[in-house]
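Notes follow the structure.
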Amino acid sequence: ADPWLKIIYDRLHEKLLTRDILHADETTLQVLKEPGRSAESKSYMWLYRTGKEEPSIVLYDYQTTRASKHADKFLQGFKGYLQTDGYSGYGKLNGVTIVGCWAHARRKFTEALKALPPEQKDKPVAAKVGLEYCNRLFAAERQLKEATAAERYQKRLELSKPILGEFYIWLKKQRQQTLPKSAFGQAINYCLNQWEELNNYLLDGRLEIDNNRAERSIKPFVIGRKNFLFSNTPRGAKSSAIIYSIVETAKENNLKPYNYLMYLIEKMPNLDLADPGIVDSLLPWSESLPEDVRMPSKDNVTGSKV
């Protein structure tokens with residue numbers, strides 16, 4: 001990637017680590033010419049992003065493996081809540097509270113229903129009960145869509161915590177009479193093995209019930225990978241991570257990605273980039289950005305202001 005873009009990426013990374021709510025996900029990537037590895041080896045593109053509080057930051061990080069040390073290094077200095085899909089590699093971070101994803105839990109019960117023989121799918125099977133518990137939790141969230149963080153925290157204790165209590169008792173009972181390797185057994189174990197993480201969204205009204213925010217942000221890279229298939233070298237994979245990060249962060253902040261990139265590349269060589277204030281004036285939410293990099297807005301409020 002252009003060396004100027006790396007300066008923006010690094011500054012966004014610094015800003016990301018000051019937040020107290022982040023989301024993470026990861027997906028595979030093939031890199032042909034990695035030293036000491038075959039061309040068929042799986043590498044990974046990790047995704048880290050901010051929560052619902054603006055301004056949004058979306059960062060990708062290329063690494064050769066899915067080992068927990070990569071998340072540990074990227075998030076060094078971060079303290080707060082990290083929402084994930086249940087991958088254990090995030091669980092070793094110091095000072096970080098892992099928040100689970102109920103969308104993944106619900107999906108497991110949907111998969112259990114799909115695995116049933118046709119003649120059982122219309123019967124009152126236990127997997128339907130598990131799915132209904134998940135649906136009740138999501139229904140409670142829909143009621144709280146317009147609530148403040150403080151209101152959402154209180155209402156979740158009233159509405160969602162009792163459902164979770166019932167669900168836990170039901171799950172423990174079902175586990176005693178279900179084959180662990182069946183699709184239904186796997187759904188039960190997914191919930192029970194990370195019950196604490198799945199309940200952690202109750203800890204703060206700003207937290208979300210699922211990790212869909214990260215899944216949506218990693219999707220552009222997944223779609224792109226279907227077209228470009230692989231990176232030739234590690235340098236190319238790192239460049240992809242930087243460019244995707246700046247483009248997706250620009251989009252989240254209501255900028256025109258191409259115009260923003262061109263503005264950076266034209267402007268940065270003539271600036272004193274040793275000054276953090278000057279670098280900050282170039283970030284996607286800066287009020288000093290020219291109007292032609294912003295998406296038009298019906299109410300004339302463009303970009304995410306801080």
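Not measured: the values here are computed from a predicted model.
Ring geometry for Tyr48 against Trp46 counts as parallel: the plane angle stays under 30°, on a 0 to 90° scale with 60° as the upper cut.
Remark: Asp10 pairs with Lys6 by the side chain to side chain donor-acceptor pair (under 3.5 Å) rule, at least two apart or across chains. Qualifying side chain to side chain donor-acceptor pair (under 3.5 Å) partners for Glu14, counting only residues two or more places apart in sequence or in other chains: Arg11. Taking Asp85 as the reference, nothing meets the side chain to side chain donor-acceptor pair (under 3.5 Å) condition, with sequence neighbours excluded. Evaluation of the side chain to side chain donor-acceptor pair (under 3.5 Å) rule for His70 yields Gln63, Thr65 as partners, not counting sequence neighbours.
Residues in residues 134-148 take part in these salt bridge (Lys or Arg N to Asp or Glu O under 4.0 Å) pairs, two or more places apart or across chains: Arg136-Glu166, Glu141-Arg156.
At distances below 3.5 Å, not a single donor-acceptor pair connects side-chain atoms of Asn253 with backbone N or O atoms of Leu255. Judged by distance alone, with hydrogens and angles left aside, the side-chain atoms of Ser231 form no donor-acceptor pair with the main-chain N or O of Val31 at under 3.5 Å.
A salt bridge links Arg206 with Asp20: the distance from a Lys NZ or Arg NE/NH1/NH2 to an Asp or Glu carboxylate oxygen falls below 4.0 Å. Ionic pairing of Glu111 and Lys114 is not present here: no N-O contact between side-chain nitrogen and carboxylate oxygen is shorter than 4.0 angstrom. Salt-bridge formation is detected for the pair Glu215/Arg107: a Lys NZ or Arg NE/NH1/NH2 atom is positioned less than 4.0 Å from an Asp or Glu carboxylate oxygen.
Tyr190 and Gln194 share a donor-acceptor pair across their side chains, judged by distance under 3.5 Å alone.
Alongside Tyr153, the hydrophobic cluster contains Leu157 (criterion: ILVMFWY side chains under 4.5 Å).
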